[in-house]
Structure formats: C-alpha cells, structure tokens
There are 2 protein chains.
Amino acid sequence: MNLPKSEEQLMQILWQKEKAFMKDITEAYPEPKPKATTIATLLKRLLTKEAIGFTQFGNVRQYYPILKKEDYFSSHFNGMIKNFFDDSIPQFASFFTSNKNMTEEQLLELKRVVEEQIKARKK
Amino acid sequence: MNLPKSEEQLMQILWQKEKAFMKDITEAYPEPKPKATTIATLLKRLLTKEAIGFTQFGNVRQYYPILKKEDYFSSHFNGMIKNFFDDSIPQFASFFTSNKNMTEEQLLELKRVVEEQIKARKK
DNA sequence: TTTCTTATTCTACATTTGTAGAAGTAACAT
DNA sequence: ATGTTACTTCTACAAATGTAGAATAAGAAA
C-alpha cells in the first residue's frame with residue numbers, strides 16, 4: 001500500500017487520533033487547512049483503498065485507520081533499505097550513525113536501546 | 001527534491017553506475033525493460049529537474065547524477081522520522097531495533113557500528 | 001551509399017493526485 | 001417551521017506520472 005502525500009498526511013492524523021470525526025480531522029490540519037470537500041475526497045479515496053473504515057453514528061461517521069502505521073512505515077522503510085543500501089541493515093546502520101545530524105548523545109541513546117534489545121532477545 | 005518512482009528507479013541505476021550511456025541504462029533495467037522512449041522521457045524529465053546532467057560524446061550522451069544519493073536518501077529519511085516518529089531519533093531507533101525482521105546477529109553488528117562511531121566522534 | 005541501429009525529441013494519452021465547487025440532506029439553533 | 005451548519009456525494013479540472021508511438025538524425029554495418 002503506497003499512499004500519495006495528501007492521503008498519507010490524513011492517515012497521520014488518523015493514526016494519531018485513532019478515531020476521528022470530520023470535525024476532529026479538520027481541526028488537526030495545520031493552517032492553511034484544506035477545504036472540507038478536499039478532505040472528504042481524500043477520505044473517500046482512502047475508504048476505497050480500504051486504508052480506513054468508519055462507524056456510523058447517527059448521520060455522522062467516525063473514521064478510523066485500518067492500515068497500521070507500523071506496517072505502513074515498515075514497508076516503506078524496508079523498501080528504502082533495499083533500494084539504497086542493497087538490503088543491508090549494517091550498511092544502513094553505518095550510514096545512519098555517521099549522519100552529521102546525529103549528536104553523540106543520540107548515539108549513546110541508540111547504543112543503550114540496542115543493548116536493551118539484545119538483552120531482551122536473549123531470554 | 002522528491003522524485004516519482006519511475007524517475008527514482010532510473011536514479012538508482014545512475015547512482016550505481018555513476019556514469020552511463022543510454023545503452024548501459026537499458027541494460028541495467030530488470031525485465032521487463034521499459035521501451036527506449038520511456039527511458040528517454042524519464043531522462044529528459046530528470047534533466048529538467050537538474051537531478052542529472054550529461055556529457056556529450058560525439059552524438060551520444062553520457063549521463064551522470066547531479067543529485068547525490070546520500071542527500072536524497074537523507075531528506076527522505078528525515079522526513080519519515082519526522083512524520084512517523086515525531087522527529088525523535090531514539091523513538092525510531094527503538095522501533096528499528098525491535099523489528100522482528102532483525103536478527104540478533106544484525107543487532108550485534110549494529111551495536112558494533114554504533115560503538116565505532118562513538119569512538120570516532122570522541123577524537 | 002544504402003540500410004540498419006540507436007539515441008533523441010515531440011507528441012500523445014490514460015491514470016493518479018491535489019483541490020475544490022455545486023448540490024443534496026439531515027441535524028440544529030431560533 | 002425555517003434558515004444555518006456540517007457532512008457527504010458528484011462532478012470537474014489542472015498538474016504530475018507512467019508509458020510509448022512517430023519522426024528524425026547520425027553513426028555503424030554492408
């Protein structure tokens with residue numbers, strides 16, 4: 001499932017809210033907010049793709065994501081690793097950690113996280 | 001710079017080859033290869049976007065990437081971290097390392113890479 | 001040089017994406 | 001009851017994307 005930018009942005013809102021009525025979605029958009037019909041169109045397209053669903057409440061719908069954020073992210077991320085690092089995690093890791101934007105503090109934090117994970121696997 | 005799939009695929013080829021003539025590009029494509037004119041269109045679009053350039057050799061052109069792979073990847077990656085992990089590297093790291101697809105071996109490898117990087121920073 | 005092959009440009013066209021107006025409908029406020 | 005508001009569906013349309021045919025030009029092969 002590969003969503004265009006505009007739909008992905010809407011998904012981000014739904015992932016964050018888990019459930020949301022039109023009104024909540026509109027509120028969540030940053031300025032300049034798209035027109036209501038634009039949002040409606042996107043919701044409709046996402047419904048067609050079955051990336052989201054809704055529960056009818058009277059005459060209003062409460063939308064919720066069907067596509068999981070983790071899955072969506074993972075598939076993208078894996079795709080990138082594959083294309084950019086020849087499917088090699090270490091190669092990616094190396095690039096990632098030598099990234100100038102990363103502070104030493106973050107590196108230490110990362111190390112901690114990795115160690116923790118290794119420990120968790122052991123048992 | 002955000003390239004559509006088809007153009008990105010062509011860029012991958014150019015990044016890999018560094019320089020390439022039409023013929024080399026065609027060869028690099030996996031089956032089913034796109035028609036030559038399709039590739040030509042993509043090259044033209046990439047030239048317009050100044051993502052690539054070329055050197056004229058007689059009547060043939062040798063294309064090369066102008067847009068750097070690292071930069072392209074970084075900007076995408078950062079965008080994803082921002083959208084999916086609220087711009088938090090540790091949050092991403094945590095998700096990344098707890099990924100089921102990752103073997104313990106890879107984790108150890110990652111730890112090694114991180115430590116190496118920390119050491120490198122120190123001096 | 002005649003023909004074949006290859007690269008390039010132009011043109012074309014269906015799909016997808018981004019955005020939104022028009023209109024209908026039902027709940028809501030007065 | 002009745003105009004106002006919120007939501008949804010339909011329709012629309014420009015721009016971007018994916019793909020490629022037609023035509024052309026210029027070496028390469030015969």
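Convention: sequence-line order gives letters A, B, ...; per-chain numbering from 1.
- Neither OP1 nor OP2 of dT19(D) sits under 4.0 Å from any side-chain N or O of Lys5(B).
- Nearer to the 5' terminus of DNA chain D, by closest-nucleotide assignment, is the contact made by Gln56(A) (compared with the other of Thr41(B) and Gln56(A)).
- Taking the six-membered ring where the residue is Trp, Phe85(A) and Phe95(A) present tilted rings, their angle falling between 30° and 60°.
- A perpendicular orientation is assigned to the rings of Phe57(B) and Phe21(B), their planes being inclined by more than 60° (bins at 30° and 60°).
- Nucleic acid contact for Phe57(A): none, since no nucleic acid atom lies under 4.0 Å from a heavy atom of the residue.
- We find that CG of Leu43(A) is positioned 15 Å from P of dC10(D), with the value rounded to whole Å.
- Side-chain proximity of Lys49(B) to dT17(D), dC7(D), dA7(C): nearest is dT17(D).
- When heavy atoms are screened at a 4.0 angstrom cut-off, Arg61(B) is found touching the sugar-phosphate backbone but no base atom.
- Rounding to whole angstrom units, CD of residue Glu7(A) and P of dG18(C) are separated by 7 Å.
- Using a 4.0 Å cut-off, no side-chain N or O of Lys23(A) falls inside it from OP1 or OP2 of dT8(D).
- Using cut-offs of 30° and 60° for the angle between ring planes, the Trp15(B) and Tyr72(B) rings count as tilted.
- Regarding Leu46(A), its CG atom lies at a distance of 11 Å from the P atom of dG18(C), rounded to whole Å.
- Between Met22(A) atom CE and dT8(D) atom C1' the separation is 8 Å, expressed in whole Å.
- Side-chain atoms of Arg45(A) and base atoms of dT9(D) include no donor and acceptor less than 3.5 Å apart.
- The residue Ser6(A) sits close only to the backbone: its heavy atoms come under 4.0 Å of sugar-phosphate atoms, none of a base.
- A sub-4.0 Å separation between OP1 or OP2 of dC7(D) and a side-chain N or O of Tyr63(A) is absent.
- Counting to the nearest Å, the P atom of dT16(C) and the CE atom of Met1(A) are 14 Å from each other.
- Distances shown here put a side-chain N or O of Thr38(A) below 4.0 Å from the OP1 or OP2 atom of dA20(C).
- Ion pair Glu109(A)/Arg112(A) flagged as a salt bridge, since at least one NZ, NE, NH1 or NH2 atom sits closer than 4.0 Å to an Asp/Glu carboxylate oxygen.
- Atom C1' of nucleotide dT17(D) and atom CG of Leu42(B) are separated by 9 Å, given to the nearest angstrom.
- Rounded to whole Å, the distance from NZ on Lys44(A) to P on dT16(C) is 16 Å.
- Note on ring orientation: taking the six-membered ring where Trp is involved, the planes of Phe92(A) and Phe96(B) are perpendicular (angle over 60°, cut-offs 30° and 60°).
- Judged by closest nucleotide on DNA chain C, Lys35(A) is the one of Asn59(A) and Lys35(A) placed further toward the 5' end.
- Between Lys33(B) atom NZ and dA7(C) atom P the separation is 13 Å, expressed in whole Å.
- A sub-4.0 Å separation between OP1 or OP2 of dT19(D) and a side-chain N or O of Tyr29(B) is absent.
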